[in-house]
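Take a look at the structure below.
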Protein chains: 2
Amino acid sequence: MSAKITIHDVARESGVSIKTVSRVLNREPNVKADTRDRVQAAVAALNYRPNISARSLAGSKAYLIGVFFDNPSPGYVTDVQLGAIARCRQEGFHLIVEPIDSTGDVEDQVAPMLATLRMDGVILTPPLSDHPVVLAALEREGVAYVRIAPGGDIDRAPWVSMDDRLAAYEMTRHLIGLGHTDIGFIIGHPDHGASHQRHQGFIDAMRDAGLAVRDDRVEQGWFSFRSGFEAAEKLLGGADRPSAIFASNDDMALGVMAVANRMRLDLPAQLSVAGFDDTPGAKITWPQLTTVRQPIHAMAGTAADMLMHGVEREEGAPPPSRLLDFELVVRESTGQAPG
Amino acid sequence: MSAKITIHDVARESGVSIKTVSRVLNREPNVKADTRDRVQAAVAALNYRPNISARSLAGSKAYLIGVFFDNPSPGYVTDVQLGAIARCRQEGFHLIVEPIDSTGDVEDQVAPMLATLRMDGVILTPPLSDHPVVLAALEREGVAYVRIAPGGDIDRAPWVSMDDRLAAYEMTRHLIGLGHTDIGFIIGHPDHGASHQRHQGFIDAMRDAGLAVRDDRVEQGWFSFRSGFEAAEKLLGGADRPSAIFASNDDMALGVMAVANRMRLDLPAQLSVAGFDDTPGAKITWPQLTTVRQPIHAMAGTAADMLMHGVEREEGAPPPSRLLDFELVVRESTGQAPG
DNA sequence: GCTCGCCATGACAGCCTTGTCATGGCTAAG
DNA sequence: CTTAGCCATGACAAGGCTGTCATGGCGAGC
């Protein structure tokens, strides 16, 4: 509460000009070691914290990173936030969260906020990573951004992702390895770039194993529990049903399990179910879900890092981007194929 | 990208001084209607947006609201964010999210951020609503805050809550109304004020119905799926088991359902399960969970409102606070008692 | 008709920090 | 010994806005 202490106080205390204090604070060169120490001592003694508003008004950094999302999965969203914050804290940055409603007027939501609040960068989560209006607005305002798991137009801006195709490929191989030959697949939300890649991974693995991908074994979903539920009703409705179902995310897999439960199918004896994401929900079910652990935390942290340290892209070269590792998490919802 | 347009541009465009533009922007009095219109027209024409950093540096508002949380439930967290943002957007405020790790040094996490970033107010979610170090730091820095669902020390600061005791009371009555007389209860995390109130509501309802509350029918949980799972194992372990279990939140209720599933109990025919919160998970299960819908969205929105419009407390009077309505959501996980 | 007081408005000084440019001391080269 | 050039530092303006106080116009009261 006591009168805010400013850079002037520190300057006076350490007997230098405010500019020198500023240099020390910003790790600029050209400060004698001796002076630097004296200033740092004063900062510590006075418990001084630079004022963000003043910094961002005067300088080029705002110490603010934005996270845009329009994701129905709370687990995904908080994971991203936690991952980004962890990195931001270390550098004194803060996180601004901005839910965007893609069904509304996106321009109206994004443009004002970008103009009002200066941010050093924005982290885009799917499906916003591929939203043309959002990308355009960001570029128009000159705000740096990093896309998490973009679906296409990969060279447009820096991104962080994982190999969704490969992960789906390996999950499919896991099922095939358990003896499954008739596998159902539920595609994810078409606006998410990852949906396509996961689908492709499934197709590739089946093909490579010499197995047929029957059209009636593939259903379109929307990444929601309900869509998984409905897809499963179709998949499991006939007398002839697959021995395993691979859903493109956990929420849909949970929908599949709900249908299986209702049909009194024994999991995994009569039906194996696999998901994707390893959301908290994957463990909140019985049997626990076999799924793919996305490095969400790490992806968000990496994105924040890129933004804080300035995403420099060299002319002509593709933007600096990162592909992180995933992990197959085998739990109890998948088992040996019956028969 | 085009050169940032400032208040000076608007002033020039509308032929008034920047101070008058400022007056219009801030809805200050003493501006002729005619002038006001002219300024507003210029603002619209130039698509002017005031710069937040400059505003907060010069004035007393920061246009930033913080949300502190340390809540294991992602659904709860995002609900709070969404509720708060919805209100903030209308007034041009932004949301800063700050996860706090209560197991770490809280002072070290809170103090620097409060000193660096000026916020107009902070929304505290359980269990932070009752964290003494957080409250003290906020008060020391003179930052206004609103507590969501605090457990005690109710007159210390403004809060927004719902009547947890009454809700638990009504849920218990719902079960009793279905013929259940032997009901198990799982207490929530002891650090959350609501846990105690929900427990009390259960006790009161049982007592009022002339039913005994057996000690071995009450288990301590931690609001996590796992703790619900473990509590259920104890509750359902013996030959003599309750016909219904009321868990203090949905995650624990889901844990109960997992145990029931594993034991091949038929829900709700052999066991009724009730939760609390109406998180997304409540619908992501089969049968869907009977629960209490917390007005999380509204509570967060109300809290943001109080912060933006200044929580004025009159000397002597208790702080202005709000109790919002809840709703009993009866789904398929509760049914007639067997026998 | 004159003064008082209120209303609408403007001039100007901050708010706190960073960026730019100037300064003076010192080193190394000519 | 002189001077170019680098290093450490400081003075000052700028950044966009709000708060305070001053100003001029105008209607009301005497």
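Here is the naming used below: chain letters follow the sequence lines, and residue numbers restart at 1 for every chain.
The side chain of A:Thr20 lies closest to D:dT9, out of D:dT9, C:dT18, D:dG16.
C:dC16 atom C1' lies 17 Å from atom CD1 of B:Ile52, rounded to whole Å. As a whole-Å value, the separation of B:Ile18 CD1 from D:dA14 P is 15 Å. In this structure, B:Leu57 places its CG atom 10 Å from C1' of D:dT18, rounding to the nearest Å. Atom CG of B:Leu25 is separated from atom P of D:dC17 by 8 Å (rounded to the nearest Å). Atoms CZ (A:Arg12) and P (C:dC16) sit 12 Å apart, rounded to a whole Å. In this entry the distance linking NE2 of B:His8 with P of D:dG16 reads 9 Å, nearest Å. For the pair A:Arg49 CZ and C:dC15 P, the interatomic distance rounds to 22 Å; values are reported in whole Å. In this structure, CZ of B:Arg36 is placed 10 Å from P of C:dA8, rounded to the nearest angstrom.
Note on B:Val16: only backbone sugar-phosphate atoms sit closer than 4.0 angstrom, heavy atoms only; bases stay farther off. Among the protein residues, B:Tyr63 comes within range of no part of the nucleic acid, since none of its heavy atoms lies under 4.0 Å from any strand. Base contact: B:Asn30 has a heavy atom under 4.0 Å from a base atom. The residue B:Ser53 sits apart from the nucleic acid: no heavy atom pair falls under 4.0 Å. If you check every strand for non-hydrogen atoms under 4.0 Å, B:Ser56 touches nothing.
Nearest-nucleotide mapping onto DNA chain C: of B:Ala58 and B:Lys32, the residue sitting toward the 5' end is B:Lys32. Mapping B:Ala54 and B:Lys19 onto DNA chain C by nearest heavy atom places B:Lys19 at the nucleotide closer to the 5' end.
Checked by distance alone, B:Arg23 brings no side-chain donor or acceptor within 3.5 Å of a matching partner on the base of D:dG19.
Considering B:Thr125, B:Leu95, B:Val97, B:Ile85 as possible partners of B:Val80, the one that fulfils the side-chain contact (heavy atoms from CB on, under 4.5 Å) test is B:Thr125.
Between A:Ser17 and D:dG10, a side-chain N or O to OP1/OP2 separation shorter than 4.0 Å is present. Between B:Asn26 and the phosphate of D:dT18, there is a side-chain N or O to OP1/OP2 separation shorter than 4.0 Å. One finds a side-chain N or O of B:Ser22 lying less than 4.0 angstrom from the OP1 or OP2 phosphate oxygen of D:dT18.
Under a 3.5 Å cut-off, the side chain of A:Asp130 and the backbone N or O of A:Gly151 do form a donor-acceptor pair.
To the nearest 0.5 Å, atom CZ of residue B:Arg322 and atom CD1 of residue B:Ile148 are 12.5 Å apart.
A salt bridge is defined here as a Lys NZ or Arg NE, NH1 or NH2 lying under 4.0 Å from an Asp or Glu carboxylate O, and B:Arg87 with B:Asp305 meets this definition.
Side-chain contact between B:Arg147 and B:Arg156 is present, with at least one heavy-atom pair separated by less than 4.5 Å.
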